[in-house]
Amino acid sequence: MPAKPSLDGIETRWSEQWHERGTYEFDRSAPRERVYSVDTPPPTVSGSLHVGHVFSYTHTDLIARFQRMRGREVFYPMGFDDNGLPTERRVQNYYGVRCDPSLPYDPDFTPPEKPGKDQLPISRRNFVELCETLTIEDEKGFEELWRRLGLSVDWSHTYATIDTRSRAVAQRAFLRNLARGQAYLAEAPTLWDVTFRTAVAQAELEDRERPGAYHTLAFGRPGGDPVVIETTRPELLPACVALVAHPDDARYQPLFGQTVRTPLFDVEVPVVAHRLADPEKGSGIAMICTFGDLTDVIWWRELRLPARAVIGRDGRLIAEAPEAISSPAGREHYAQLGGKTIAAARTAIVAALQESGALLGEPRAINHPVKFYEKGDRPLEIVTTRQWYIRNGGRDEQLREQLRQRGSELRWHPEYMRVRYENWVDGLNGDWLISRQRFFGVPFPVWYPLDADGQPRHDAPIVAAEATLPVDPSSDVPPGYTAEQRGVPGGFMADPDVMDTWATSSLTPLIASGWESDPALFAQVFPMNLRPQAHEIIRTWLFSTVLRSHDEFGTLPWTDAAISGWILDPDRKKMSKSKGNVVTPMGLLEQHGSDAVRYWAASGRPGTDTAFDVGQMKTGRRLAIKILNASRFVLGLAEAGEGEAALAGDAAPGPAAITEPLDRALLAELARVVDTATGAFEGYDYTRALEVTETFFWRFCDDYVELVKGRAYGGHGEAGAASARATLSIALSTLLTLFAPFLPFVTEEVWSWWRAGSVHRARWPEAAEVREAAGDGRPELLDAVGAALSAVRRAKSEAKVSMKAEVATARVSGDADVVALVGQATVDLRSAGGIWELSLVGTGGELAVDVVLVPPAG
RNA sequence: GGGCGCGUAGCUCAGCGGGAGAGCGCUCGCCUUACAAGCGAGUGGUCGCAGGUUCGAUCCCUGCCGCGCCCA
């Protein structure tokens, strides 16, 4: 036991010790019913960790540590999410390369020392290898931070979402989905990001308010007045296939079934009726194009209209005019647009419309919601492409109902987050598009045969054998073919795409649990117990994981989901880097100490947004220091009585030694604290567990220890001293274990002074055991004596004298029962208050103490 | 526009049918031999607003206002 305990260096010291001793290693021999397994959110490696990560990962660790101390064998792996654009971008910039999937794999490839002027094209497999090389460095940094924060992760079970094992899992799961008809290939209108040139799924959309303008256009009608529509997308006029109005709209009912001609392009289009046409919007009649928005897609599908695409995947108008534009004038007008960007085409067509007189008045500026890819900065277009989909209930009421049912089987923390899931499932309007036109990801393990003309047969994909997974179809050869047949008529071609991030992330429970690669582990830990995650990805990560597990096993992937809230800065805004939040997670830990930062994090209940609060961290640090000092003192008292024996081992004095009513009262109160903390933790309310423990701890220090100090030193007989020491020992031991999940470093430090092994493998306290030691102790006694002590202190404080000042007489009055309780601790009260004469009177009413101070000497 | 959550002491937050609380801050005091990065005492709120239910409402119901998030 050090003479002057300190928190300096405590994180490094203990995180190394835990690592060396394997304190948090998962025991693979533990029976399944004793296992508690965690589906850790894999952070994105190429991003950086921020304060929000520290916050939410601490919550998971609190639960993991509690469960471990409760006797569960905790399976707590860490994953890394290597997926996605950030990694691709970093590799491109760092090495000066770009991925060209048409190139063959070069096993001897070494990246250039310095990026050249032009990006060097390399094969996908080489590209992926560079991604892996680069992400290893990121992973090291992440692990260092997590260790310093004190996460009780078993680092021998680390996985990455794109390594060999994960690719095999993702491909196997996909092939099984395909075999069961849960995955399919379809050519369909698809939301398309023209910057990233990739398809975007419903889950990745967001609406943004953007300025636009209504353009009023007149469509000519043979033998009638022109029909006037309003549109924000005049450049889609050549893609117009119909006009639409609401079936009940009397203004347009006479037109249904008739045709009009588009201005400039002179294409004959029908006027049709559909309930989704909004009579309140614009002139109440709209043009249907291929495709201006998702409503256009619905109209196209439900009204069986032709397609007349003009927007290309590069975000420019296609050079060739649609066939429907047949008049020379119309083709001439289109020729002015082909090849132009959308913005340039709009300018050009507005000018032409103005000139022709079809544009009525000036465009009217408005703000309207526009669909964006959540990571993109240009509005999405809709193009028709061939993509892989997984059925998700969006087109199948029966599956939707099953998935809704899974949501109700899951225990949510907090409960109300369930609604987010249900809203999402109810709002699905199509299957899950999983193809992405990227390189660094899990490729689809399929090839397509090429017919005699060299055209792929998408209706007859060749799938990889499960035993060969993972495969990269761009460099591996499908069964029954030779490498020379790639790309030649009668040969084969690879599916060019990779899976959506969520298509692999949705399998984290399978990847972490060793599905099909480690059957013993899988049987031991799956289905898992806990999925901790943020609420904004309920629709993506949580839902997709439930879906994949439902498809593959017909079960939930976990029993509980704990949803964490946001970190808010002091202005109640979501924390963001641009707001000058310069503090890095590591800096935060170094500045305040890991236990202190964890203490702050623990103040955020599941689902509750929490303010970034340095004050809370300072409070946490004070608590940690207090634990050090109080422990040293308590152990010193024990040592004073029993010598080295008190420090030797776990043998605590038995309950028989605890004879004093005050001591029993303290333990009775402690037993209640253990009950409350345990119940709160079991309900995932770690915040309450910490609160009750902390409140008790301060009472323990400020009242109890002060009261029994004199007695514990032996000033009032050996029996009383032994009783106090035994109580102090039990209380300290219990408090350290209650605090251990929150403050793993300082509790381990103190534990090491007097106990063998790690506090983090110690048993969580049993209220029954504490209660047994408490015997007939009554918590009210502690309240009563505490109140009396407080009254004496108040008298001294008001007299502005030292707490050491002596009291000539103190007369305790009040309710007879309460006064009687105080009477059971007169020795301790006199000792702590410096009271010469103490009298007790049952007068009824509030407890009061009349104090007469001894006048200062001299 | 729909859904969910939140509006309680200067700040951060508990409480959720019968006493309005904690920590921090602030004020005053104390070098008490575990801790001055400490200890003690005190100050501080018509519990967002308006109705309703109830013997009684911060807590339940309705409406409104404000903030946040999710979905249109």
If a pair means Watson-Crick or G-U wobble with both distances below 3.5 Å, what does RNA chain B look like in dot-bracket form, with | marking bases paired to a different strand? ((((((((.[[[[.).....]]]].(((((.......))))).....(((((.......)))))))))))).
Less than 6.0 angstrom separating the ring centers of A:Trp566 and A:Phe55, yes or no? no
[N] versus [M] - spacing of their [atom1] atoms, nearest Å:
N	M	atom1	value
B:rC26	B:rG44	C1'	9 Å
B:rC31	B:rG15	C1'	39 Å
B:rG38	B:rC49	P	37 Å
B:rA50	B:rC28	C1'	42 Å

Contacts of A:Trp412 meeting ring-ring contact (aromatic ring centres under 6.0 Å, His included) (sequence neighbours excluded), chain-then-number -> A:Tyr421
I'd like to know if A:Arg605 pairs up with A:Glu691 as an ion pair, taking the criterion as any Lys NZ or Arg NE/NH1/NH2 lying under 4.0 Å from an Asp or Glu carboxylate oxygen.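 The answer is yes: the pair qualifies as a salt bridge.
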A:Trp502 ring centre to A:Arg539 NZ or CZ under 6.0 Å, with the angle to the axis within 45°? no
Listing request: all salt bridge (charged side-chain N to carboxylate O under 4.0 Å, His left out) pairs with a residue in residues 406-429 of chain A, at least two apart in sequence or in separate chains. A:Arg404-A:Asp426, A:Arg406-A:Glu409, A:Arg411-A:Asp560, A:Glu415-A:Arg418
Interface polar pairs with nucleotides 33-39 of chain B, N/O, under 3.5 angstrom:
residue: B:rA34; atom: OP1; partner: A:Lys709; partner atom: NZ; Å: 3.4
residue: B:rA34; atom: O2'; partner: A:Arg632; partner atom: NH2; Å: 3.4
residue: B:rA34; atom: N6; partner: A:Cys701; partner atom: O; Å: 3.4
residue: B:rA34; atom: N6; partner: A:Glu706; partner atom: OE2; Å: 3.4
residue: B:rA34; atom: N3; partner: A:Asn629; partner atom: O; Å: 3.3
residue: B:rA34; atom: N3; partner: A:Ala630; partner atom: N; Å: 3.3
residue: B:rC35; atom: O2'; partner: A:Asn629; partner atom: ND2; Å: 3.3
residue: B:rC35; atom: O2; partner: A:Lys626; partner atom: NZ; Å: 3.0
residue: B:rC35; atom: N3; partner: A:Lys626; partner atom: NZ; Å: 3.0
residue: B:rG38; atom: OP1; partner: A:Arg622; partner atom: NE; Å: 3.3
residue: B:rC39; atom: OP1; partner: A:Lys626; partner atom: NZ; Å: 2.6

With sequence neighbours excluded, tell me which residues meet salt bridge (Lys or Arg N to Asp or Glu O under 4.0 Å) with A:Glu590.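 So A:Glu590 forms no salt bridge (Lys or Arg N to Asp or Glu O under 4.0 Å) with any residue.
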Taking side-chain hydrogen bond (donor to acceptor under 3.5 Å, both in side chains) as the cut-off, I'd like each qualifying pair that reaches into residues 735-748 of chain A, sequence neighbours left out, listed once. A:Trp18-A:Glu748, A:Glu748-A:Ser758
Categorize A:Arg688 for me: base, sugar-phosphate, or nothing, with a 4.0 angstrom heavy-atom threshold over every strand shown.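 No contact at all - A:Arg688 keeps every heavy atom at 4.0 Å or more from the nucleic acid.
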